[in-house]
Student: 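For reference, the structure I am asking about is given below.
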Amino acid sequence: MVRRVERIEGWLFDAYTEPEGVRVWVLSPDGKHHHFLDPWRPGLKMAGTPSQLGDARIALGKTNATLRWTTGTDLYSGTEIEVLEARVPARAHKGVVEKLKATGLSLYDADIHPVQAYHYERGHFPTARCAFEVDAATGHLLDWQLRDDPWALDYALPALKTMRLALSGSETAGKIDPNHAPRGRLVMGFSGVEHELEGPLEDQLETLALRLREWDPDLILTEWGDSWLMPQLELWSEKYKVPLPLSRDAGRGVVGGGGRSFYTYGRTVYQMGVRYLSGRWHIDARNSFMHKESGLHGLLEVARIARIPVQRAARSTIGTSLTSMQMHRAFLDGVLIPMDKQQAEDFRPATELLIADKGGLVYEPETGWHEEVVEYDFTSMYPTLMVEWNISPETVNCPCCPENKVPEIGHHLCTRRKGLVPKVLAPILTKRAAYKKLAKSISPKAAVFKARADAHKWILVCCFGYLGFKNARFGKIESHECVTACGREVLLRAKEAAENRGFKMLHALVDSLWLQGGPGVDYEALRRAIEKESGVPLATEGVYKWIRFCPSRMEPGSGVPAKYFGALQDGTLKVRGLALRRRDTPDLLKRLQNEMLARLSRADSLAACERLAPALLRLTDAARARLEDGRVDACDLAITMHVSKTPDEYRGNSPQAIAAKTLASRGLSLRRGETLRFVIASAKDPVKEWRVTPLALLEGPLEFDERKYAQLLERAAWEILEGLMPEPAKPEKKRPRRNAPEALLLPLIYADGLSSGSA
DNA sequence: AAAGTACGGGG
DNA sequence: GTGTACGTACTTT
C-alpha cells in the first residue's frame with residue numbers, strides 16, 4: 001500500500017498535548033494553517049535501589065510504558081550514572097510521576113513542561129520555520145526538518161492576523177481590573193478598525209462569533225482577557241446559547257483556571273488566572289510582563305530562545321524562561337535534570353556566612369546639586385562575571401579546583417568544567433550586544449531589534465537573582481555570593497582607578513559610578529583606564545550637565561543610594577527614587593514632577609536650574625489652582641496599591657485598609673496581591689469609611705480632600721526644588737542624627753520580583 | 001515613639 | 001514555579 005504523504009512548510013505556531021501525543025499547528029507562508037498529531041511521549045528517568053526500581057515497574061505496570069536503560073550526567077558531581085528511562089502516553093505522565101515519587105527513587109527530567117520537553121527533543125521551537133511530512137491518512141507526523149535557528153538575529157515571522165478585544169465606555173474602564181470596576185462596552189478591532197459592539201448581549205455574541213469565523217485570527221490580543229473577558233464570554237456564550245469559536249481546535253474550548261495569591265521576595269502578588277486557546281493565541285496585554293515591556297517581538301524572541309509556547313511565555317515570569325533555557329542546555333549536554341531543587345546550602349559557620357552574604361557594594365552619595373558629573377556603568381556586570389568567572393551552582397566549591405578562590409569570601413570556582421549557567425548566558429550576552437547595535441542602525445527593523453534587545457535585558461537582569469533563588473532548580477546561594485563578591489571587587493577596583501587619577505567619586509551603586517569631572521577632562525580615556533583596571537566592560541552612561549543626589553527624608557544630613565535626578569548633556573533625564581518612580585504615586589503628582597523635570601532638562605548649568613526654579617514653583621501653583629477649581633479627574637488623584645492582605649486581615653486604619661474594607665462591604669473583596677485604586681476623599685474624617693473612596697465605587701460628583709492633595713503636591717515639588725531656592729519656613733522637627741557610614745552594603749535579591757502580570 | 005504597610009530594581 | 005530581602009518613607013494610633 002502506498003502511503004500518501006502531505007508536506008507542510010511553515011512556522012511552527014502552536015503545540016499542546018493530547019492523550020496520544022502532541023497536536024502541532026503550522027502557519028504556512030500562504031496564510032493557511034495546518035495541524036497534525038505527533039505521537040510523541042514524554043519521558044522521565046529514575047535511579048535507585050533494585051527494590052525501588054521493582055516498585056517502579058509495578059507502578060508503571062498498567063500504563064503501557066516503554067522502558068530502557070540509559071545514562072546521564074549528574075549535574076553536581078559531573079559523574080555519569082545509569083538511569084532507567086520510562087516513556088508513557090502524555091495523558092498518563094502526571095499520574096505516573098506522582099506514583100513514582102512515593103517509591104523514593106531519584107527522578108530526573110520528570111517535571112519539565114511537556115511541550116517544552118517536546119521542543120527540546122525535536123530540536124525545534126515556537127515560531128521556528130520547519131518542514132513537516134504528515135501521513136495524510138492518519139494525520140500523524142512522519143518526519144520533519146528544522147529550517148531556522150533560535151540564535152539567528154534577523155528571522156522571518158508569519159504575518160499574524162490579529163483581533164483585538166477590550167473594554168471601553170466608562171471613564172475608568174481599561175484602567176482598573178474590570179472585576180472590581182464598572183465595565184465598559186466590548187470593543188472589537190481587526191486590521192486597524194475598531195468596532196464597539198452594540199445592542200442586546202445576544203446580538204453582540206453573534207457578531208463576535210461571525211467575525212471569529214470570518215476573520216479567523218491567529219492571535220486574539222485582549223485587555224483583561226485572562227481575568228475577566230474570556231471567562232465572561234464563556235458564561236454569556238453558555239447562557240445565550242451562542243457558541244463562540246474562540247479556539248481553532250473545535251474540540252477544545254478555552255483552557256485555564258482561576259488565579260492565586262502568593263508571597264515572594266517581600267511582597268504578595270496576585271497571579272491572574274489564564275485562558276489559553278488551541279490553534280490560536282490569546283495574549284492578555286494586561287497579564288503579560290514581557291508583552292508590556294518589549295511588545296510582541298520581545299515576547300516571540302523569548303518564546304523562541306526559551307522554547308516555551310507563546311501563550312505560556314506571555315504569562316511566564318522570566319525565571320520560567322531562564323529555567324527552560326537551562327533545562328534545554330542540560331538536555332543537550334546529557335545532564336540529568338533534577339526534579340525539585342534539593343541541593344541544600346553547604347554548612348558554614350555563622351561568621352563566614354555574615355561575610356559572604358553581603359550583596360552589592362553601595363557608597364553613600366555626596367548629597368547636593370553637582371555639575372559636570374560623569375556616570376559609568378558596567379554593562380551586564382553580573383551576567384558577564386558569571387560567564388568570565390564560570391559561576392554556576394555546580395562549579396562553586398567543586399572538589400577539583402580549591403586554588404581558584406573568589407576574592408574576600410571563602411568559595412572557589414571550577415576551572416575544568418564549564419558551568420551550565422555560563423553556557424546559557426554567553427549566547428544571550430552576545431545576541432543582546434548584537435541587537436543593541438542593530439537597534440541603533442537605520443534598518444527599518446530597528447524597532448524590532450530594540451524590542452528583542454529589551455527582552456534579553458530582562459533575562460540578564462533576572463539571571464543573577466535566580467542564581468540565588470532558593471527554589472530555583474539550578475540555583476545555589478553560594479554561587480550567588482560569588483557573583484556579588486566579584487562585583488564588589490570590580491567596583492572597588494574601579495573606585496581606586498578613578499581616585500588614583502585624582503577624580504572624586506560622588507556615588508557608586510553596585511555596577512555604576514558617578515565621578516566629579518570638569519572642563520577638559522577626557523572622559524573616554526578615563527573610561528578606558530577604569531575598564532582596564534577593573535576587568536569588566538564599562539560604558540559611559542553620559543556626562544551630566546547637572547545632577548542632584550537627594551538627601552534622606554528621615555535623616556536630612558545623609559544621602560540615600562539611588563535617589564537622584566539629573567540631565568545628561570544630550571538632554572536625557574535620569575530619575576531614580578523620586579515620587580514619580582513609585583507605583584503608588586497619583587498621576588497628578590507624577591505629571592507635576594515630570595513637567596518640572598522636562599523644563600529642568602533644558603537647563604545647561606546649575607545657575608540655569610536656579611533661574612528656572614521660580615517658574616517651576618508657578619507650575620506647582622497652577623496644579624494647585626486646578627485642584628481648587630476641581631479641574632481634575634479621579635484617575636489623576638487615584639493612589640494605586642497592591643494589597644498584601646485580605647480585607648479582614650487588616651488591623652490598622654491605613655487608607656488602603658479602609659478602601660479594601662469598603663470594597664469588601666459592597667461584595668468586591670480583593671484577594672492578596674490584587675490592585676487597589678482609591679481617592680483620598682477626606683483624610684482625617686472621623687468616619688473612617690469617608691476618608692477614602694475606592695475608584696470602583698465612584699459615582700456622582702468627585703469628592704476629594706483638596707488640602708491633602710495640595711500638601712502632596714507641595715511635597716512632590718520640593719523633592720525637586722530643594723536646594724535650588726529657599727524653602728518656605730516650616731515648623732522644624734528635632735531629629736536624632738546618626739553617623740553616616742562611608743560605605744554601605746546593599747543586599748540585592750531581585751530575582752523575579754516583577755512577576756508576569758500583577759498588572 | 002511604635003506599629004503597620006508599601007515600594008524599589010534595569011534601561 | 002510556592003517564602004519571610006533590606007532600607008526608605010509614609011500612615012495611624
Side-chain angles (χ1 to χ4, degrees), chain A residues 111-113 260-269 271 293-294 312 315-324 340-341 357-360 362 377 379-383 432 436 439 450 453-454 456-462 464-466 468-473 475 480 509-512 539 541-542 550-555 558-563 572 574-579 581-585 639-645 649-658 660 673 676 680 683-684 688 691-692 708 711-712 715 719 736 744-756:
Chain A
D111 58 350
I112 309 171
H113 187 276
R260 65 191 185 118
S261 303
F262 60 91
Y263 188 90
T264 180
Y265 287 97
R267 85 183 171 113
T268 308
V269 292
Q271 199 168 52
E293 287 298 323
S294 60
R312 183 172 143 84
R315 293 155 178 91
S316 295
T317 63
I318 296 153
T320 309
S321 312
L322 259 171
T323 305
S324 181
D340 295 307
K341 211 269 172 173
D357 203 23
K358 293 183 294 194
V362 176
D377 296 342
T379 32
S380 304
M381 179 163 86
Y382 284 166
R432 169 149 200 259
K436 271 176 81 173
K450 169 81 168 63
D454 283 348
H456 284 271
K457 172 195 71 194
W458 277 109
I459 294 169
L460 293 174
V461 166
C462 286
F464 157 72
Y466 222 60
F469 182 29
K470 277 211 189 101
N471 273 20
R473 207 183 286 247
H480 188 272
L509 188 67
V510 188
D511 57 359
S512 313
E541 174 74 3
C550 310
S552 159
R553 260 220 157 79
M554 301 304 207
E555 312 270 353
S558 51
V560 266
K563 185 165 181 178
T572 311
K574 270 199 85 167
V575 184
R576 291 292 179 274
L578 294 190
R581 294 284 297 197
R582 294 174 63 102
R583 250 191 335 219
D584 56 354
T585 303
I639 293 171
T640 308
M641 279 183 176
H642 293 301
V643 289
S644 65
K645 302 179 192 316
E649 286 169 333
Y650 277 106
R651 277 182 284 174
N653 287 307
S654 58
Q656 64 269 33
I658 296 170
L676 170 67
I680 302 177
K684 302 275 180 194
K688 296 191 168 75
R691 291 184 189 171
V692 295
K708 179 71 187 175
Q711 227 174 54
L712 292 175
R715 193 194 291 161
E719 212 172 21
L744 310 161
L745 287 163
L746 177 74
L748 279 184
I749 309 179
Y750 41 81
D752 223 334
L754 303 160
S755 75
S756 62

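On a predicted model such as this, the values are computed, not experimentally measured, just so you know. Letters A, B, ... are given to chains in the order of the sequence lines, protein chains preceding strands, and every chain is numbered from 1.
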Student: What's A/Lys708 touching, base or sugar-phosphate or nothing? Going by heavy atoms closer than 4.0 Å.
Tutor: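 Counting heavy atoms under 4.0 Å across all strands, the contact made by A/Lys708 is with sugar-phosphate only.
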Student: Using a cut-off of 6.0 Å, state whether more than 12 heavy atoms not belonging to A/Lys450 lie near its atom NZ.
Tutor: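 Not buried by this count: 12 neighbours or fewer within 6.0 Å.
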Student: Would you check, one step at a time, whether the test side-chain hydrogen bond (donor to acceptor under 3.5 Å, both in side chains) holds for A/Asp377 with A/Ser512?
Tutor: CA-CA 4 Å; A/Asp377 296 342; A/Ser512 313; 3.0 Å; yes
Student: Does some side-chain heavy atom of A/His456 sit less than 4.5 Å from a side-chain heavy atom of A/Lys436?
Tutor: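 The answer is no, as the side chains (C-beta and beyond) never meet within the 4.5 Å cut-off.
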Student: Taking only the P atom of each, what is the distance from C/dA5 to B/dG4 in whole angstrom?
Tutor: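 Those two atoms are separated by 16 Å.
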Student: Counting only Watson-Crick or G-U wobble pairs whose two distances fall under 3.5 Å, which nucleotide matches C/dT8?
Tutor: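 With both distances under 3.5 Å, C/dT8 matches B/dA6.
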Student: Just to be sure I understand the rule, does A/Arg651 reach a base, reach only the sugar-phosphate, or reach nothing, if contact means heavy atoms closer than 4.0 Å?
Tutor: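 Touches sugar-phosphate only.
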Student: Categorize A/Gln656 for me: base, sugar-phosphate, or nothing, with a 4.0 angstrom heavy-atom threshold over every strand shown.
Tutor: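 It contacts sugar-phosphate atoms only.
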Student: Using whole Å, report how far CZ of A/Arg583 lies from C1' of B/dT5.
Tutor: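 These atoms are roughly 13 Å apart.
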Student: Figure out the CZ/C1' separation between A/Arg715 and C/dT11, and round it to whole Å.
Tutor: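 Checked: the CZ to C1' distance equals 10 Å.
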Student: In whole angstrom, give the distance that lies between atom CG of A/Leu578 and atom P of C/dC10.
Tutor: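 Distance check: A/Leu578 CG to C/dC10 P gives 12 Å.
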Student: Would you mind classifying the nucleic acid contact of A/Lys563 as base, sugar-phosphate or nothing, using non-hydrogen atoms under 4.0 angstrom?
Tutor: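 The residue A/Lys563 makes sugar-phosphate contact but no base contact.
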Student: For a quick check of understanding: with a heavy-atom distance under 4.0 Å over all strands, which category does A/Glu649 fall into, base, sugar-phosphate or nothing?
Tutor: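 Here A/Glu649 touches no strand at all.
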Student: Between B/dG9 and C/dT2, how many Å separate the two C1' atoms, rounded to a whole number?
Tutor: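 22 Å, rounded to whole Å.
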Student: What's A/Lys436 touching, base or sugar-phosphate or nothing? Going by heavy atoms closer than 4.0 Å.
Tutor: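 The answer is nothing, as A/Lys436 stays clear of every strand by at least 4.0 Å.
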Student: Within this structure, what is the CZ-to-P distance between A/Arg581 and B/dG11, rounded to whole angstrom?
Tutor: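 My rounded result for the distance is 11 Å.
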Student: Using both distances under 3.5 Å as the test, list the Watson-Crick or G-U wobble partner of C/dT13, or none.
Tutor: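 Answer to the pairing question: B/dA1, which forms a Watson-Crick or G-U pair with C/dT13.
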Student: Atom NZ of A/Lys645 to atom C1' of C/dT4: distance rounded to whole Å?
Tutor: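 The distance from NZ of A/Lys645 to C1' of C/dT4 comes to 12 Å, rounded to the nearest Å.
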Student: Roughly how many Å is it from CD1 in A/Ile318 to P in B/dG9, rounded to a whole number?
Tutor: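 Taking CD1 of A/Ile318 and P of B/dG9, I get 15 Å after rounding.
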Student: Pick the P atom in C/dG1 and in B/dG8, then give their distance to the nearest Å.
Tutor: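 Those two atoms are separated by 23 Å.
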Student: Starting from the 5' end of DNA chain C, give me the residue, A/Asn653 or A/Glu719, whose nearest nucleotide shows up first.
Tutor: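 Nearer the 5' end of the strand: A/Glu719.
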Student: Write down the distance between CD (A/Glu293) and P (B/dG11), rounded to a whole number of angstrom.
Tutor: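 Answer to the nearest Å: 13 Å.
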Student: To the side chain of A/Arg582, which of B/dG11, C/dT8, B/dC7 is closest?
Tutor: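 Nearest to the side-chain atoms of A/Arg582, counting from C-beta on, is B/dC7.
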Student: When you measure from the side chain of A/Val560, which nucleotide among B/dG11, C/dA9, C/dG1 comes out closest?
Tutor: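 Minimum distance to the A/Val560 side chain belongs to C/dA9.
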Student: For A/Lys450 and B/dG11, what is the distance between atoms NZ and P respectively, to the nearest whole Å?
Tutor: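 Whole-Å distance recorded here is 11 Å.
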